[in-house]
Number of protein chains: 2
Amino acid sequence: MSAKITHFDIHDVRFPTSLTGDGSDAMNAACDYSSAYIALHTSDPTLTGYGMTFTIGRGNDIVCSAIAAVAQQLVGKDTEELFADMGKTWSFLLSDSQLRWIGPEKGVIHIASGAVDNALWDMYARSRKKPLWKLVVDMTPEELVRSTAFRYITDAITPEEALAMLKEREAGKKEREAKVRELGYPAYVTSAGWLGYDDAKIARLTKDAVQQGFNHFKMKVGQSLEKDLKRARIIRNIIDNPEYTTKKVDPKSIAGKNAGPTGSVFMIDANQVWDVQQAIDFVTAMADVKPWFIEEPTAPDDILGHAKIRKALKPYGIGVATGEHGHNRILFKQLLQAEAIDVCQIDSCRLAGVTEVLSVLLMAAKFGVPVCPHAGGVGLCEYVIHLSLIDYIAVSGSMERNVLEYVDHLHEHFIYPCSINQNGRYNVPSNEAEGYSIQFKESAFAEFEYPHGTYWAGALAEQQKEKANGTNGVNGVHH
Amino acid sequence: MSAKITHFDIHDVRFPTSLTGDGSDAMNAACDYSSAYIALHTSDPTLTGYGMTFTIGRGNDIVCSAIAAVAQQLVGKDTEELFADMGKTWSFLLSDSQLRWIGPEKGVIHIASGAVDNALWDMYARSRKKPLWKLVVDMTPEELVRSTAFRYITDAITPEEALAMLKEREAGKKEREAKVRELGYPAYVTSAGWLGYDDAKIARLTKDAVQQGFNHFKMKVGQSLEKDLKRARIIRNIIDNPEYTTKKVDPKSIAGKNAGPTGSVFMIDANQVWDVQQAIDFVTAMADVKPWFIEEPTAPDDILGHAKIRKALKPYGIGVATGEHGHNRILFKQLLQAEAIDVCQIDSCRLAGVTEVLSVLLMAAKFGVPVCPHAGGVGLCEYVIHLSLIDYIAVSGSMERNVLEYVDHLHEHFIYPCSINQNGRYNVPSNEAEGYSIQFKESAFAEFEYPHGTYWAGALAEQQKEKANGTNGVNGVHH
């Protein structure tokens, strides 16, 4: 069964999403959702691992270079030796002190390490003919603890504490797996609430989402209080209107979430646009549209700032969520220790892969904070359903308060795309060949590899022509 | 006087310091001190700005790519418009939301932004025929505040508070400038205390340092308690021995620093090797060699961890220092707010240039914490003397407790190298053409540009040959 890692291919894939305003928020006016992607090959032609990290355009090439530097360390290694202790393998991936210096454990080199770690986990799952989540929930507590990164977090959770917690969860695992296979995993939508959309589009998309069965809705804020309140009321009026709602919501799923009369829950997201006091003032002024939480009110590194904001908003029943830019487990440790967050929003691509995600899942479970992973972009939804299933089945044992972000963009490029059932919940990935579900179709490379895929070659040629004619370049073209 | 920025050159320069064990510590066994360097050219052939960030080898190419992505934004800009509001210019440099994503404000893209910001400050100083420090201390308080990054730190210091503080310092500026020009700026040495050196070399280098007039000495720890204590006693026995000491130390300069009988001060540096409790246990066990501070006891991101360590070590009279991996002003804000540090060790290349350094200098002065910049490596000593002069003359008004690291490596490659006077203090840079003192000699590129400089071309050819012969590759060669 053993194989050697022989070589890797790296792909810089960019989708011109800036053309449609998808993904626009207070911080990011024009995003081209992009994937810095690796295929890790072995001496066994049937065994390849796929991994990626997510960026929003320019700089994706820089991340690709970093992925190559990290992955180079794996060439010649034995796959079974790597799989036997994924925690040790992760430490090895991050241990090159020269590469570590340009983080350390943050930014480009860290997300690149994540792409490689994810590719290894994908390969490990495929080698066992299981989807990633199933590989992990089938591990013994000892194996799962061994697969987790504990360096620098032992003051919050020791391996022994983690082990005891996982052993306690063992009893209900089978039952929880069966339950989530039947019901699906709860999701929420952001698709309606981007800043780049006009009021009519927001209303239409919100009605669509209600009819698809969703009952959690997130809107981007931070542009102007007046405009944000107007848009919030458009959404609130639709989601609170029993006329549009097609189903009754389980009241247990919305307890404490500032839900409206139909049981619908509304959230707002500022994408780091404010200083601490600005955040407090702005969100307080939005209290009457009753958000469950404000997401990313300020700089993602500001643990003490988030704690202060949370304390100030508590009297209004508004919580604080952050984490999509949480750069490593050490940041999450402190967010939990400082009681700075109500909701922990890990990112599958910002943290250094599944191994470091496990560290955060274990800490969050110990501190009793629900994990609602960040998704959207490209590939994130495919990834995070696996992480939430691991959290529910093996770690926290809870799912109804841990809604998972869902955005209906770009799934068509994946061989095993994620999907949503008729109740607005994620289906459970169940193909034995799908690993971590992140393998692209070849057509994605052919069209969107940058800069030589057919889309970009065409757009860049057009830009050249327009430059020669003295007119402006097209959108979605980079320099 | 106005010029346009026309183009830039980027150089990946690496020095094979791993061959000698220079720079070895508990985290970094083999460093090749490297510079990711930019020369920013203008339409005025007499006006160029030089900037760099520091790495320790592999990955320097990745940082160079990021510098190009950041610098590209400046092409076509008017220099006087950029200089007129350096705070606004800095925000512009960091504002590309697609590039920001791969930080944000941390790691590769942030240190790259720092190299570009530093190049602009260098150019600005040269255009005014002043060394960088002199350009800044001659600014009005209003200009200095305008040159500072305040986003995300206004809960710790507002521009108005900073302005009031700077105005208070105005009175003594001329006098302090004259004083430091006469005396030099206090320095300490690490050259003796690297883990890679044997006991005899440590003893010899410590004696040399004492005779050069130094009275602060730093040693690397974290290898093993037994070995570290043995090495600490070798150093302590030399620096405490009146026989070796050539001068009397001003007692004011060492107050509260855990000084020994000759007034010598000893510090230890763990380079992030421990978890929180390990740090407390290890350093407590070293209490009888009386370190002034433990530097980088744990992960540089761990604000709450440092606060906990500081509290535990206080009864032993041992302080906590960190900051050389402090990735942005938001981290420093929290280290100060949480009372986590006794000494604030900014890095001129880890923060995004002079503009963000000013943010930290202002916060540290407000919180009453001395700033002792990190130096060593390549170029850092050249940079930091400017920052400490700004701190002393214009911001904190204090220098005797703010010793500045000095390492005697690689200064020969700079056109305007830093230097130390006969009392072990930095001389004040005073050439009107030297800007931020970071311009390399052309010979540095010819020999050490990677991979085509003569040194690397030779080493790589030799490695090829040895590979063909089946023997091992040489040190100082990268793959």
Side-chain angles (χ1 to χ4, degrees), chain A residues 27-32 34 54-63 65-66 69 72 96-112 150-155 272 274-278 298-305 308 325 327-328 330-331 333-334 337-338 478-479, chain B residues 27-32 34 54-63 65-66 69 72 96-112 150-155 272 274-278 298-305 308 325 327-328 330-331 333-334 337-338 478-479:
Chain A
M27 209 71 170
N28 307 294
C31 307
D32 287 330
S34 301
F54 168 64
T55 83
I56 61 172
R58 281 182 295 280
N60 203 50
D61 50 332
I62 300 170
V63 180
S65 306
Q72 186 57 45
D96 181 306
S97 70
Q98 298 188 5
L99 293 178
R100 185 180 186 276
W101 184 271
I102 61 173
E105 300 198 30
K106 57 182 69 69
V108 168
I109 198 72
H110 203 61
I111 64 180
F150 281 97
R151 187 170 206 186
Y152 296 138
I153 64 168
T154 56
D155 55 320
Q272 316 168 22
W274 300 308
D275 278 23
V276 173
Q277 190 57 47
Q278 286 178 304
T298 189
D301 306 353
D302 197 349
I303 297 139
L304 302 179
K308 192 173 168 191
H325 282 80
H327 56 277
N328 61 30
I330 304 151
L331 181 87
K333 176 184 78 167
Q334 295 175 83
Q337 289 174 323
H478 307 286
H479 312 284
Chain B
M27 209 72 171
N28 307 293
C31 307
D32 287 330
S34 302
F54 168 64
T55 84
I56 61 172
R58 280 182 294 280
N60 203 51
D61 51 332
I62 299 170
V63 179
S65 308
Q72 187 56 46
D96 181 306
S97 71
Q98 298 187 6
L99 292 178
R100 184 180 187 277
W101 184 272
I102 61 173
E105 301 200 28
K106 58 182 67 70
V108 168
I109 197 72
H110 203 60
I111 63 180
F150 281 97
R151 189 171 204 184
Y152 296 138
I153 63 168
T154 56
D155 55 320
Q272 316 168 22
W274 300 308
D275 278 23
V276 173
Q277 191 58 47
Q278 286 178 304
T298 189
D301 307 353
D302 197 349
I303 298 140
L304 302 179
K308 193 174 167 189
H325 283 79
H327 56 278
N328 61 30
I330 305 152
L331 181 86
K333 176 183 79 167
Q334 295 175 85
Q337 289 173 323
H478 307 287
H479 310 283

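Order of the sequence lines sets the chain letters (A, B, ...), proteins ahead of strands, with each chain counted from 1. Worth saying up front: this structure is predicted, and the values here are computed from it rather than measured. Scope of the values below: all heavy atoms of this structure, side chains included, with no hydrogens, waters or symmetry mates.
When the candidates V108(A), T298(A), I109(A) are compared by the number of heavy-atom contacts under 4.5 Å with chain B, V108(A) comes out ahead. By number of non-hydrogen pairs under 4.5 angstrom with chain B, the leading residue of V276(A), T154(A), L304(A) is L304(A). For the set S65(B), A299(B), G59(B), G107(B), the entry with the most heavy-atom pairs within less than 4.5 Å of chain A is A299(B).
With a 4.5 Å cut-off on non-hydrogen atoms, I153(A) touches chain B through its backbone but not through its side chain. Of the atoms belonging to F54(A), heavy atoms from both backbone and side chain fall under 4.5 Å from chain B. Contacts of Q334(B) with chain A are made by both backbone and side-chain atoms, with heavy-atom separations under 4.5 Å. N60(B) does not touch chain A: none of its heavy atoms, backbone or side chain, sits under 4.5 Å away. Both the backbone and the side chain of Q272(B) come within less than 4.5 Å of a heavy atom in chain A. Heavy atoms closer than 4.5 Å to chain A are found in the side chain of N328(B), but not in its backbone. For A69(B), the part sitting under 4.5 Å from any heavy atom of chain A is the side chain, from C-beta outward, and nothing else. For H327(B), the part lying near chain A is the side chain, with the backbone staying farther off; criterion is any non-hydrogen pair under 4.5 Å. In this structure, chain A has a heavy atom under 4.5 Å from the side chain of I330(B), while its backbone stays farther away.
In this structure, CG in L99(A) is found 9.0 Å from CD1 in I56(B), a value given to the nearest 0.5 Å. Put simply, CG on D302(B) and CH2 on W274(B) are 14.5 Å apart, with the number rounded to the nearest 0.5 Å.
No donor-acceptor pair closer than 3.5 Å links the side chain of D275(A) to the backbone N or O of Q277(A). A distance-only check finds no donor-acceptor pair linking the side chain of K333(B) to the backbone of D155(B) [under 3.5 Å]. Judged by distance alone, the side chain of Q98(A) and the main-chain N or O of A30(B) form a donor-acceptor pair under 3.5 Å. Judged by distance alone, with hydrogens and angles left aside, the side-chain atoms of K106(A) form a donor-acceptor pair with the main-chain N or O of P104(A) at under 3.5 Å.
G57(A) and T55(A) get closest at one heavy-atom pair: N-OG1, 3.3 Å.
Using a 4.5 Å cut-off on side-chain heavy atoms (C-beta onward), I303(B) and L331(B) make contact.
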